[in-house]
Every structure is written in C-alpha cells, then in structure tokens.
There are 2 protein chains.
Amino acid sequence: MFSGCSAENPPIRIGDKWTSKIIVCLKSGPRRFSELQVPLRGVTPKVLTATLRAMERDGLVTRTAYPEIPPRVEYELSPLGRTLLEPMAAMCAWSRAHLHELLDARESAL
Amino acid sequence: MFSGCSAENPPIRIGDKWTSKIIVCLKSGPRRFSELQVPLRGVTPKVLTATLRAMERDGLVTRTAYPEIPPRVEYELSPLGRTLLEPMAAMCAWSRAHLHELLDARESAL
DNA sequence: CTGTATCCTCGCCGATACTG
DNA sequence: CAGTATCGGCGAGGATACAG
C-alpha cells in the first residue's frame, strides 16, 4: 500500500508482504498477472500466485481466466476488497504525516 | 490492536506481531513491564523487551526506569505513538464492519 | 503468458534458564 | 521485578527451473 506513499519498508502492513501493494495496484481497475509483476518489483511468480490465491479465498479479489492462447487472466478488486481502500487511505495519510518522524527517531537512536 | 476488536489472528497488522497490541495496552496510560505481559497472553520477556526497545527507537513509546528496589519501569505512548491510534481506529472499524465477510469467504472456500 | 515444483535462507518468535 | 542468554522451530518468501 505504501508503494505510492513514502517508504520502501514501511512499519505498517496489511496481512503479508504483498497484499496491500496488490490492492493499490488493483485500485484503478483489473490487471493481468504479468501487469502485477511489474510494479511489484521482483516478486516471484510463486509468491504472487500464493498471495493472489489467498486474497481470492478471502473474497478480496476476483480471478477471471479467459480460455485463449496465450492464456489471459485478470484480477480485480471485489466490493469487499474495495472497502479496504478507506482504512488504507487513513494509514497512508498517517505515513505521509508522521513516518518521517519515526524514521528520524530511528536514525537518532543509532 | 485487534485484541479488543474481533479476531484472534487478524489479517491486518502494524509492524510485527505485538506492536499494535502494545499500543492498545498503552492507550489508557502508562503500564509496567509485567502489566503488559498479562494482556499479551504468553509473550516471552525476550520478545516483549525486543518489541518495546524497537518501539522506543522509533519514538513510539517512552521508557522510564525508577531506581528502586525492586525495580520499576513504566512504558508510555509518546505523542507520535498516540497519532497511530487514529488510523488504527479506522482499521478496527473496518474489522468490525467487514472482517466477518472475509472469514465467511475464507470458510466457504474450503 | 500464467502459473508449478523444489530447494533454501533468513529472521520472527517461543521455551527455558539465569541474573542484578 | 525487569530483564538477559541461549537454543531451536517454523514459516514466509526468494531463486531457479520447468510445464500447459
């Protein structure tokens, strides 16, 4: 979620390492598997698949496979997934407002 | 943070396993080391110390040691730490409103 | 293109015992 | 009471190769 926010390794996360970032990537509409791999720099297909499957089980995203050659699969935020955007925005606002204080404090403590 | 919310193993966390719960425990005022161990069921002193030290480095809590016998140490939320209560409340509200949907979806997917 | 299948590393976290 | 010391498990997640 904080990929477009401020920090590389933020102290605030939703669930696992990639879930929140995927939600942000799907905010503006459906995305293909390979389209997700790009902004999520360096995520391996195994981990991306696992994360998406977990989110699908939790009803946060929908998976649509088109029977074509080559195959095409689109992931989209479900209505439930969209409800997460609001509290995530609150967290994002906190980061913008205060994360630098936290990082400053951390650095001062070296 | 969700200890007083709804779920045992919530999909939303702040930082590591205990940070958010500690913030909640300190919400109403300073607490001693042993007072924190009780609500955080079963946290070992090593992990609690490590978590509190990290939060102290990040400027989220203040540590006050009183030179007495037996020793007494109090931990308290800093102003910066208190700013986290607001976005955490938003997440908590999300949990109350939607977490059951997520858990239902997860159960249906068995 | 969209995944699976293995293997492996690394760090969080717990258990237990001990100390000032 | 408030920690420190040591050991170890376990699972998330990365590297790499392969498949439909």
For this session: Would you confirm whether R82(A), through its side chain, and K27(A), through its main-chain N or O, come within 3.5 Å as a donor-acceptor pair?
Result: yes
For this session: Please check if the side chain of R106(B) supplies one atom and the backbone of E101(B) the other of a donor-acceptor pair under 3.5 Å.
Result: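 Pair absent, no side-chain N/O of R106(B) close to backbone of E101(B).
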Name the closest nucleotide to the [X] side chain, picking from [options].
| X | options | value |
| --- | --- | --- |
| W18(A) | dG14(D), dG3(C), dT4(D) | dG14(D) |
| K46(A) | dG3(D), dG14(C), dT6(C) | dT6(C) |
| P71(B) | dT4(C), dT6(D), dC1(D) | dC1(D) |

Exercise. Is I14(A) close to M91(B) at the side-chain level, that is, under 4.5 Å between some pair of heavy atoms?
Worked result: yes
Expressed as a whole number of angstroms, how long is the span from [X]:[atom1] to [N]:[atom2]?
| X | N | atom1 | atom2 | result |
| --- | --- | --- | --- | --- |
| F33(B) | dT19(C) | CZ | C1' | 14 Å |
| R41(B) | dA15(C) | CZ | P | 12 Å |
| Q37(A) | dA15(D) | CD | P | 13 Å |
| R72(A) | dG20(D) | CZ | C1' | 18 Å |
| Y75(B) | dA2(D) | OH | P | 8 Å |
| L48(A) | dA15(D) | CG | P | 14 Å |
| L52(B) | dT4(D) | CG | C1' | 15 Å |
| K17(B) | dC12(C) | NZ | P | 13 Å |

Problem set entry | side chain to side chain contact (heavy atoms under 4.5 Å, CB included) between L48(B) and W18(B), intermediate numbers included | CA-CA 8 Å; L48(B) 181 56; W18(B) 299 102; 6.0 Å; no
Exercise. Between CG of L36(A) and OH of Y75(A), what distance do you get to the nearest 0.5 Å?
Worked result: 8.0 Å
Exercise. About how many Å separate CZ of R57(A) and CG of L52(A), when rounded to the nearest 0.5 Å?
Worked result: 11.0 Å
Please determine if a side-chain N or O atom of [X] lies less than 4.0 Å away from the OP1 or OP2 oxygen of [N].
| X | N | result |
| --- | --- | --- |
| R53(A) | dT4(C) | yes |
| R32(A) | dC1(C) | no |
| S34(A) | dT2(C) | yes |

For this session: Could you pick out which residue, E74(A) or P45(B), lies toward the 5' side of DNA chain C when each is mapped onto its nearest nucleotide?
Result: E74(A)
For this session: Mind running a 4.0 Å heavy-atom check of residues 59-69 of chain A against DNA chain C and sending the residues that fall below it, in number order?
Result: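 Within residues 59-69 of chain A, the residues near DNA chain C are R63(A).
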Problem set entry | Reference residue L40(A); test side chain to side chain contact (heavy atoms under 4.5 Å, CB included); the match among I22(A), V47(A), T51(A) | I22(A)
